[in-house]
Number of protein chains: 4
Amino acid sequence: MPKVSSDYREARRRQIVDAAVACFARQGFHRTSMQDIFAASGLSAGAVYGYFASKDDIVAAVADERHALEAALFADALAASDLRQGLHDLVHAYFDWLRDPAEQERRRLAVQFWAEALSDAHLAQRVSRGEPFRAELATAIAGAQRSGSFAADLDPDAVARVALAVLQGFVLQQAWEPGVDIDRYVAVVDSLIDAGFGP
Amino acid sequence: MPKVSSDYREARRRQIVDAAVACFARQGFHRTSMQDIFAASGLSAGAVYGYFASKDDIVAAVADERHALEAALFADALAASDLRQGLHDLVHAYFDWLRDPAEQERRRLAVQFWAEALSDAHLAQRVSRGEPFRAELATAIAGAQRSGSFAADLDPDAVARVALAVLQGFVLQQAWEPGVDIDRYVAVVDSLIDAGFGP
Amino acid sequence: MPKVSSDYREARRRQIVDAAVACFARQGFHRTSMQDIFAASGLSAGAVYGYFASKDDIVAAVADERHALEAALFADALAASDLRQGLHDLVHAYFDWLRDPAEQERRRLAVQFWAEALSDAHLAQRVSRGEPFRAELATAIAGAQRSGSFAADLDPDAVARVALAVLQGFVLQQAWEPGVDIDRYVAVVDSLIDAGFGP
Amino acid sequence: MPKVSSDYREARRRQIVDAAVACFARQGFHRTSMQDIFAASGLSAGAVYGYFASKDDIVAAVADERHALEAALFADALAASDLRQGLHDLVHAYFDWLRDPAEQERRRLAVQFWAEALSDAHLAQRVSRGEPFRAELATAIAGAQRSGSFAADLDPDAVARVALAVLQGFVLQQAWEPGVDIDRYVAVVDSLIDAGFGP
DNA sequence: GATGAATGAGACTTCATTCAT
DNA sequence: AATGAATGAAGTCTCATTCAT
């Protein structure tokens, strides 16, 4: 019978994860020492290790959280009956999300995870690289092609990849230049979607 | 008058940079120790430090090399009189380049530099983030809009950003999945260019 | 007047000491953490520290218990009027004790205490190293020599040391090889005793 | 091509092993920190780790050295044609060895290894527990029994175990009491050997 | 009395860099 | 110029012990 509630433990985990996210976003996780996390979280070494087994475990927790968030966003994005409208909606939801400064900070982390996933197989599995979205989108595109509403000569998976690239590339550019204009970018993306569906 | 020829020194630098690139691509540069580079290059610690002042200095040299290569590719890509054709040519040149396994290895590095540039201001200046290309392309697009050959309602800089994103996103996806089909992706990109220029 | 009965406290101490003995026997006491003892005893950190002031205090309690047990065995072993018979009886009692698996486990601990006593002066005083037995035996041997029943040319203390060594060496060997044959060893020891007393 | 000779490296290893032996003998190896070894050896952390991969590796090297020394002593001890004389010679050689204060210090270590071998399977294989000696002695005893020169009713292996115990027990007692009289102990052991072989 | 989360000193180890040879 | 042994600061993690609840 624990002395503290499950809520209490959860709050402490949050405290640690949030501290880690802040440190990682600022300095990158390789440059972030456990001492940095202790200081940022206001907890002692022992306390932090009571919640996470290792630094890698914290990184994994942060990655899992991101993964879950992205998965949630994409989850029913394509459930819309009308693909064209669904895509427009998804794009707007996605880029609206990117207006939040807190989310921008977390995106800096996402970029680091992308890189880290290249040399850490264990992390690679926990990093959101858009696969589910790409797969769903490709299926939806293929459907649209069969129904004649989408250009038939393009490979659905390749189209999905380009769509994903448009999102990923923007995340990257925004991470480098936080002030980049979102609206104008979205306008181009919208016109791209329409171009695919024809007049 | 140097004791050893400049060629000799240059060959040694190459040896070190190549070894570093191989290590970085495989393990990421934070996980790559100087010992790893000594072993991979076949040189001693003292020898390596005779050519580079620090690990950061090697990283900078690697980044500079990449930067120069990319700059060269984009340099006259847009010098073509016909923008539409110039873009198609650039895209084909760019993606052909990505068929080379050696280049793919170097691209894994590029992705790491993207991430690193977020927390290392010094490195940020040496990492190719496509700015010159974007600027030139935006200018060219604006010109095309004035001459009526490109959709007038889109922001030229945003269009350039999307174009860049399409390249960056693919580099990312290829780094994760080396087997991704290039031809199908290029076909979509080609059709995108044509969509921008209208029928 | 204590709040809880003395019996209750005693039962808790047992619980802790038993848990510690089990852990120490398995992993050695340096490799046994207090956490291990908490887990093995089923008590909380605070509870254990309510009974023992420190880890060393637990170790001391375990050592004291062993010391008391061995002292009890040897106590009246040599009170017998006939030394030869007394020795045979002692040996049989001692080795019968070593047939008990629980005692064998405790003996693994004894071996650790032997080693630890070399570098921990505080513990050295609480570890049974056979001195009282040796002293008594030497006195008894000297008596037997005066009465002509034991070989006169041997130093009584040295004889006692050899006798002790025969017990200690076996404890060591049994700790390493729990399956070692006790009966055959005892037979040799018996014949050794008889050899000392002559035909 | 190493810059320093193999002798140089060997000397450094010695320096480290000797420092470790001194520390271990004094404080036990669990209480000996790597810092202690750095200080005792006069080398830096990095230097020590250039020769040994870990603390355990140093412990293993120390254990191996002991093992080799003991093996060498016992190696041809029993090669003598006359077992009785061979045993007397071995005993005298063994106990003479124990007169050396440096050897006494190393023996304190041996006792610690005995204990450690109980909970560290990896170390157990590197610790001399007298098996080869015991096996050879048992074989020799069996031979002597067949030729009628040794008491036929005793189990050869048990006799060998008792003989080993007499050595082990003394090592233990001497570790506790460095001043213990060797000559008197040897005299008893000699008479024990003779008792086994009869008049 | 009991709980167990928290503390923080200190353990082991790595690694960028230097410098005598 | 080259070598590679040496340096030592700094990193991650453990664990005996305390104390608010």
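Sequence lines set the chain letters: A, B, ... in the order given, protein chains first and strands last, and positions in each chain run from 1.
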Engineer: To the nearest Å, give me how far apart CZ (A:R31) and P (F:dT12) are.
Structural biologist: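 Atom-to-atom, A:R31 to F:dT12, this comes out as 14 Å.
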Engineer: Between C:S33 and D:G42, just flag the one whose closest nucleotide in DNA chain F comes earlier from the 5' side.
Structural biologist: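 Its nearest nucleotide being more 5', the pick is D:G42.
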Engineer: Has A:Y49 got a side-chain N or O lying under 4.0 Å from the OP1 or OP2 atom of F:dC13?
Structural biologist: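 A:Y49 to F:dC13 OP1/OP2: side-chain N or O found under 4.0 Å.
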Engineer: Between E:dA11 atom C1' and D:F38 atom CZ, what is the distance in whole Å?
Structural biologist: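 In whole Å, E:dA11 C1' and D:F38 CZ are 10 Å from each other.
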Engineer: Check the distance between F:dT18's P and C:Q35's CD and give it to me in whole angstrom.
Structural biologist: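 Rounding to the nearest Å, CD of C:Q35 and P of F:dT18 are 14 Å apart.
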Engineer: Is a side-chain donor or acceptor of D:W176 paired with a backbone partner of C:W114 at a separation under 3.5 angstrom?
Structural biologist: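 A pair under 3.5 Å: yes.
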Engineer: Looking only at atom types and distance, does a side-chain atom of D:D120 sit under 3.5 Å from a main-chain N or O of D:A117, one as donor and one as acceptor?
Structural biologist: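 No; judged by distance alone, with no hydrogens or angles, the pair does not exist.
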Engineer: Give, for atom CG of B:D36 and atom CZ of B:R31, the distance between the pair rounded to the nearest 0.5 Å.
Structural biologist: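 One gets 12.0 Å once the value is rounded to the nearest 0.5 Å.
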Engineer: Report yes or no: does C:Q104 contribute a side-chain atom to a donor-acceptor pair with the main-chain N or O of C:A175 at less than 3.5 Å?
Structural biologist: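 Here the side-chain-to-backbone pair does not exist.
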Engineer: Return the value, rounded to whole Å, for the distance between atom CZ of D:R9 and atom P of F:dA6.
Structural biologist: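 Value for this atom pair: 8 Å.
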Engineer: Write down the atom of A:L109, the atom of A:A25, and the distance for their closest heavy-atom approach.
Structural biologist: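 Shortest heavy-atom contact: CG-N, 4.3 Å.
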Engineer: A:S44 near the nucleic acid: base, sugar-phosphate alone, or nothing, with a heavy-atom cut-off under 4.0 Å?
Structural biologist: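 Base contact.
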Engineer: Among residues 52-64 of chain D, which contact DNA chain E at a heavy-atom distance under 4.0 Å?
Structural biologist: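 Nucleic-acid contacts, sorted: D:S54, D:K55.
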Engineer: Measuring to OP1 and OP2 of F:dG4, would you say a side-chain N or O of D:Y51 lies under 4.0 angstrom away?
Structural biologist: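 Checking F:dG4 against D:Y51, no side-chain N or O comes under 4.0 Å of OP1 or OP2.
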Engineer: Closer than 3.5 angstrom, by distance alone: can the side chain of A:Q112 be matched with the main-chain N or O of A:F24 as a donor-acceptor pair?
Structural biologist: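 Pair found, side chain donor or acceptor close to backbone of A:F24.
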Engineer: At a heavy-atom distance below 4.0 Å, what parts of residues 12-29 of chain A sit against DNA chain E?
Structural biologist: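 Per residue number, the list reads A:R12.
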Engineer: Which residue lies toward the 5' end of DNA chain E, D:H30 or C:G46, if each is placed at its nearest nucleotide?
Structural biologist: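 Looking at the nearest nucleotide for each, C:G46 comes out on the 5' side.
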Engineer: With nearest nucleotide decided by heavy atoms, which residue, C:A47 or B:A45, maps closer to the 5′ end of DNA chain E?
Structural biologist: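 Nearer the 5' end of the strand: C:A47.
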Engineer: Could you check whether A:E70 pairs with A:R107 (Lys NZ or Arg NE/NH1/NH2 to Asp/Glu carboxylate O, under 4.0 Å)?
Structural biologist: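 A salt bridge is present here (some side-chain N lies under 4.0 Å from a carboxylate O).
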Engineer: Under a 3.5 Å distance rule, please check whether C:Q27 uses its side chain to pair with a backbone N or O of D:S119 as donor and acceptor.
Structural biologist: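 Judged by distance alone, no pair lies under 3.5 Å.
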Engineer: Is there a donor-acceptor pair under 3.5 Å between the side chain of C:D57 and the backbone N or O of C:A53?
Structural biologist: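 Answer holds: yes.
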Engineer: Rounded to whole Å, please give me the gap between CD1 in A:I37 and C1' in F:dG11.
Structural biologist: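 Atom-to-atom, A:I37 to F:dG11, this comes out as 12 Å.
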Engineer: Would you say D:D18's side chain and D:Q15's backbone share a donor-acceptor pair under 3.5 angstrom?
Structural biologist: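 Checked: no pair found.
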Engineer: Just checking C:G50: base, sugar-phosphate only, or nothing, at a heavy-atom cut-off of under 4.0 Å?
Structural biologist: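 C:G50: no heavy atom of the nucleic acid under 4.0 Å.
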Engineer: With the threshold set at 4.0 Å, does a side-chain nitrogen-carboxylate oxygen contact exist between B:R126 and B:E116?
Structural biologist: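 Salt bridge: no.
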Engineer: Taking CG from C:D7 and P from E:dG1, how many angstroms apart are they, rounded to a whole number?
Structural biologist: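 Distance, rounded to whole Å: 13 Å.
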Engineer: Take atom CE of D:M34 and atom P of E:dT14, then tell me their distance rounded to the nearest Å.
Structural biologist: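 Answer to the nearest Å: 10 Å.
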Engineer: Are B:E103 and B:R108 close enough for a salt bridge, meaning some N to O gap below 4.0 Å?
Structural biologist: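 Here B:E103 does not pair with B:R108 in a salt bridge, since their nearest N and O are not under 4.0 Å apart.
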Engineer: Please convert DNA chain E into dot-bracket. A pair counts if it is Watson-Crick or G-U wobble with both distances under 3.5 Å; crossing pairs go in [ ] and bases paired with another strand get |.
Structural biologist: .||||||||||||||||||||
Engineer: Any side-chain N or O of D:Y8 below 4.0 angstrom from OP1/OP2 of F:dT3?
Structural biologist: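 Answer no for this pair, as no side-chain N or O of D:Y8 is under 4.0 Å from OP1 or OP2.
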